[in-house]
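Notes to accompany the following structure.
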Amino acid sequence: MRIAVCPGSFDPPTNGHLDIFERAAALFDRLVISVIANPSKQPLFSIDERVTLIAGMTAHLTSVEVVGFDGLLVDHCRTVGAAIVVKGVRNTADVDYETQMAQMNRHLTGVETVFLPASPDTSFLSGSLVREIARLGGPVDTLVPEGVRHALKEKLA
Ligand code: PNS
């Protein structure tokens, strides 16, 4: 069984993440979407909130499981039995950054990383831009799934 981990901070999860989740789910037998509990910056949404939001937006994907994790990604991959990490890349800056991490992770345990190029209609999206637009009262309805839009509204009210 091919199990892949799709890791990230997902603060908040966006339509760009959803695009990657759907495409990755079609490529592997099981996809474990793994939400880092403590990203370097203080997250807007708690780990439980981010896991719940992603579970809601991926409810139609039967091979997907959403979990939180802390510590090294390679250790988490071992725990869930995944030999593959799948990451979305939007531009060359992402490729540079992700390549270094992919090489380090492969050096550590042999885990392979597969890059999926972001779809053109979502490649300008980022969690940080979505947070800023929402904080400043801008429209996010074309950027995030409906559940996330509601959660942002509640969080920033
Ligand atoms: O959404 P992000 O911020 O791009 O996700 C980055 C993430 C969580 C995938 C990365 O920071 C990570 O793997 N963190 C776990 C700690 C770790 O394994 N660090 C060594 C990476 S080579």
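Just so you know, ligand 1 is whichever comes first in the structure, and atom 1 is the first atom listed for that ligand.
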Is any side-chain heavy atom of Ile36 closer than 4.5 Å to one of Pro7?
no

So for Lys87 against ligand 1, with non-hydrogen atoms under 4.0 Å, the contacting part is side chain

Are any of the N/O atoms in Glu98 less than 3.5 Å from those in ligand 1? no

Requested in this report: For atom 3 (O) of ligand 1, state whether the nearest protein heavy atom is under 4.0 Å away.
Outcome: yes

Nearest heavy-atom contact between Pro43 and Arg50 is CG-NH2, 3.9 Å

All heavy atoms of Phe124 vs all of Leu143, minimum pair found to be CE1-CD2, 4.1 Å

The atoms of ligand 1 lying under 4.0 Å from a heavy atom of Met104, numbered in the order shown, are 22 (S)

Are Gly71 and ligand 1 in contact, using a heavy-atom cut-off of under 4.0 Å? yes

key: Flag side-chain contact, heavy atom, 4.5 Å: Glu65 against Arg30   = yes

*Does the side chain of Val86 come within less than 4.5 Å of Phe28's, by heavy atoms?*
yes

shortest atom 5 (O) of ligand 1-to-protein heavy-atom contact is with Gly8 CA, 3.5 Å

Atom 14 (N) of ligand 1: closest protein heavy atom, distance to 0.1 Å, is Ile36 CD1, 3.5 Å

Test side-chain hydrogen bond (donor to acceptor under 3.5 Å, both in side chains) on Ser119 and Asp19; report intermediate values, then the result. CA-CA 7 Å; Ser119 295; Asp19 171 56; 2.9 Å; yes

Shortest non-hydrogen pair, Asn15 vs Thr142, comes out as ND2-O, 3.1 Å

of all protein heavy atoms, closest to atom 18 (O) of ligand 1 is Leu73 N, 2.8 Å

Residues Arg90 and Leu125: closest non-hydrogen pair is NH1-O, 2.8 Å

Honestly, for Asn105 the part within reach of ligand 1 (heavy atoms, under 4.0 Å) is side chain

For atom 19 (N) of ligand 1, the closest protein heavy atom turns out to be Leu72 CD2, 4.0 Å

Ranking Gln103, His107, Met101 by closest non-hydrogen atom to atom 21 (C) of ligand 1, top hit is Met101

